[in-house]
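Note sheet for the following structure.
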Number of protein chains: 2
Amino acid sequence: MVTLDNKRHQHYKEVFFIKAFQEFFHQFLLLSRPFEHHLNNELGKHRLYRAQWSILYYIANNDSATLVELAHYQRIEKPTVTRTVTRLEEQGYLEHIPGKDRREKRMQLTTHGKKVYEDVRVTIDQFEKEILAHIPEEDQLAGIEMMKTIRMNLISRENSK
Amino acid sequence: MVTLDNKRHQHYKEVFFIKAFQEFFHQFLLLSRPFEHHLNNELGKHRLYRAQWSILYYIANNDSATLVELAHYQRIEKPTVTRTVTRLEEQGYLEHIPGKDRREKRMQLTTHGKKVYEDVRVTIDQFEKEILAHIPEEDQLAGIEMMKTIRMNLISRENSK
DNA sequence: ATAATTAGTTATCTTGGGTAACTAATTTAC
DNA sequence: GTAAATTAGTTACCCAAGATAACTAATTAT
């Protein structure tokens, strides 16, 4: 009887009381694929992809950026940035503004790029609002802070290793 | 003077009061790449990748699964599942248990697979705990619910389109 | 019994990460 | 002031993990 109860108890624990941190990242992964998928669908209407959009977003909010700046911010390698920026340049959304340091390639939105960003922004705003339905702004703000903290924890791990 | 104040005000709004839903998904993207990167680093110690780990996780928590079940749950296409499951089979972590319906391929962990899962679990638990440092369990639980809601909003969008 | 559906596979494409090795420009050290 | 070290960016190439299209085999529905 005791043995059976122990077994039941164990089963109960395993199935229903998964640890919060496990469940947290499980849900994070379960959300990130579909989110990226849908985001790319929306962006596809404007012939864009997530990686390109991330760069447009950064530059739209910071006026200009160098490739290294983008790489550091997004925590990706320089060659990845080079490739994506090149595509955006080819599409006529970004242009190179020369600065003092002739090594660096500082990019800004072209007039066309600004126009496109604003257009896409409308689509994406709509999309993001829709999928945040029923989530109070207060919780959204708490979520933002949480993600920032986790990101910082990740980054400090990098440096200490 | 009025014009200048307006300009300042506008600038202030744009730079410091980005809408919550924009910032939410911006942070989500900023977190998901580094998270996957670090997760893969940890998994690499055991010669695993994120996609494989997701499948091991699901089967470890559900005893067995068919490929279609995995595809539906993770919202990915069947060929993607086939490939990843095949790798896990080759590594000797999964085995096919025949059922009534001879079309479906129901998979379960092998003894070796169970052992490996438990080993990796320790590494990943440690990793996940570390990067959730300074986040109260209460907030983690709120985050879990938020991600579930967003995921459901995404899925219901799919169906209505 | 035939038609439609379902589970899984194979072939092939694509995005977007990564590393290694390089050039050109700038800074630092001597 | 020059040589060495560092930094920004590029090129070539690799790979994981998603996707679609077209297929077979098994099962269900008509």
Side-chain angles (χ1 to χ4, degrees), chain A residues 29-44 46-56 64-91 94 96-107 154 158, chain B residues 29-44 46-56 64-91 94 96-107 154 158:
Chain A
L29 286 180
L30 273 185
L31 178 54
S32 50
R33 295 296 125 187
F35 173 69
E36 179 158 359
H37 182 82
H38 282 77
L39 178 63
N40 274 329
N41 272 359
E42 296 299 322
L43 292 173
H46 307 268
R47 308 205 159 267
L48 283 173
Y49 287 93
R50 191 256 312 151
Q52 293 171 284
W53 175 244
S54 292
I55 285 176
L56 288 183
S64 74
T66 66
L67 303 213
V68 162
E69 198 179 328
L70 289 164
H72 283 175
Y73 187 66
Q74 302 191 2
R75 304 244 133 210
I76 56 182
E77 297 301 321
K78 292 183 297 173
T80 309
V81 177
T82 299
R83 190 210 289 135
T84 311
V85 163
T86 302
R87 279 186 202 155
L88 287 167
E89 235 179 328
E90 282 165 4
Q91 285 172 287
L94 290 186
H96 183 189
I97 47 171
K100 220 181 273 181
D101 188 333
R102 275 159 45 219
R103 286 171 304 179
E104 69 176 26
K105 200 172 168 187
R106 180 164 291 276
M107 308 300 295
L154 268 172
E158 254 167 56
Chain B
L29 287 180
L30 274 185
L31 178 54
S32 50
R33 295 296 126 190
F35 172 69
E36 179 157 359
H37 182 80
H38 282 77
L39 178 63
N40 274 329
N41 272 359
E42 296 299 323
L43 291 173
H46 307 268
R47 308 205 159 268
L48 283 173
Y49 287 93
R50 191 258 312 152
Q52 293 171 284
W53 175 245
S54 293
I55 285 177
L56 288 183
S64 75
T66 67
L67 303 214
V68 162
E69 197 180 328
L70 289 164
H72 284 175
Y73 187 65
Q74 301 192 359
R75 305 245 133 209
I76 55 182
E77 297 301 320
K78 293 184 295 173
T80 308
V81 177
T82 298
R83 191 211 287 133
T84 311
V85 163
T86 301
R87 279 186 202 154
L88 288 167
E89 237 178 326
E90 283 165 4
Q91 286 172 287
L94 290 186
H96 183 188
I97 46 171
K100 220 180 270 180
D101 188 333
R102 273 159 45 219
R103 286 171 305 180
E104 70 177 25
K105 200 172 168 185
R106 180 164 291 277
M107 307 301 294
L154 268 173
E158 255 167 53

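Per chain, numbering begins at 1; letters A, B, ... match sequence-line order. The model shown is predicted, which means the values in this text are computed figures rather than measured ones.
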Quiz item: Could you give the angle between the helix axes at the two ends of the helix from C:dA1-D:dT30 to C:dC30-D:dG1, with five pairs per end, rounded to 10 degrees?
Solution: 30°
Quiz item: Does a side-chain N or O from B:R50 land closer than 4.0 Å to OP1 or OP2 of D:dG18, or not?
Solution: yes
Quiz item: Between B:S64 and B:E69, what is the shortest heavy-atom contact and its length?
Solution: O-OE2, 4.0 Å
Practice problem: Measure from CZ on A:F35 to P on D:dG18 and round the result to the nearest Å. | Solution: 16 Å
Practice problem: Determine the contact category for A:T84: base if any of its heavy atoms lies under 4.0 Å from a base atom, sugar-phosphate if only primed atoms, P, OP1 or OP2 are that close, otherwise nothing. | Solution: nothing
Exercise. Return the 5'-most residue of the pair A:R33, A:E104 with respect to DNA chain D, ranking by each residue's nearest nucleotide.
Key: A:E104
Quiz item: Under the 3.5 angstrom rule, does the side chain of B:H37 hit a backbone N or O of B:R33 as a donor-acceptor pair?
Solution: no
Self-check item: Whole angstrom value for the distance that separates C1' of D:dA16 from CG of B:N40
Solution: 8 Å
Practice problem: Quick one: do B:V81 and B:V68 satisfy side chain to side chain contact (heavy atoms under 4.5 Å, CB included)? Show the steps, please. | Solution: CA-CA 8 Å; B:V81 177; B:V68 162; over 6 Å; no
Quiz item: OG1/B:T66 to CG/B:D101 distance, rounded to the nearest 0.5 angstrom?
Solution: 9.5 Å
Self-check item: Heavy-atom pair of closest approach, residues B:L30 and A:Q74
Solution: CD2-CA, 4.3 Å
Quiz item: What's the OH-C1' distance between B:Y49 and D:dG18, to the nearest Å?
Solution: 16 Å
Quiz prompt | Atom pair CD (A:E42) and CG (A:L48), whose distance is rounded to the nearest 0.5 Å | solution = 12.0 Å
Practice problem: Could you tell me which non-hydrogen atom of B:Y49 sits nearest to which non-hydrogen atom of B:L43, and how far apart they are? | Solution: C-CD1, 3.5 Å
Quiz prompt | Between D:dA16 (P) and B:E90 (CD): distance, integer Å | solution = 12 Å
Exercise. Round to a whole Å and report the spacing from CD of B:Q74 to P of D:dA17.
Key: 11 Å
Quiz prompt | Reported CD-to-NE2 distance for the pair A:Q52 and A:H46, which is rounded to 0.5 angstrom | solution = 12.5 Å
Quiz item: Toward the 5' end of DNA chain C, which comes first, B:E69 or B:R83, by nearest nucleotide?
Solution: B:E69
Quiz item: Tell me: CG of A:L30 to P of D:dG18, nearest whole Å?
Solution: 12 Å
Quiz item: Contact class for B:T86 (heavy atom, under 4.0 Å): base, sugar-phosphate, or nothing?
Solution: nothing
Quiz item: Taking OP1 and OP2 of D:dA17, is either one under 4.0 Å from a side-chain nitrogen or oxygen of B:R87?
Solution: yes
Quiz item: Which is the 5'-most and which the 3'-most nucleotide of DNA chain C that has an atom under 4.0 Å from a heavy atom of chain B?
Solution: C:dT6 to C:dG18
Quiz prompt | Rounded interatomic separation in angstrom, taking CD from B:Q52 and P from D:dA17 | solution = 6 Å
Quiz item: Please walk me through it: do B:K105 and B:E89 pass side chain to side chain contact (heavy atoms under 4.5 Å, CB included)?
Solution: CA-CA 12 Å; B:K105 200 172 168 185; B:E89 237 178 326; 3.2 Å; yes
Quiz item: Within the structure shown, what part of the strands sits under 4.0 Å from A:K105 by heavy-atom distance: base, sugar-phosphate, or nothing?
Solution: sugar-phosphate
Quiz item: Checking all strands, does A:E77 fall into the base, sugar-phosphate, or nothing category for heavy-atom contacts under 4.0 angstrom?
Solution: base
Practice problem: Mind running side chain to side chain contact (heavy atoms under 4.5 Å, CB included) on B:L39 and A:L29 for me, showing each step along the way? | Solution: CA-CA 11 Å; B:L39 178 63; A:L29 286 180; 4.0 Å; yes
Exercise. Please state how far atom CZ in B:R47 lies from atom P in D:dC15, giving the value in whole angstrom units.
Key: 14 Å
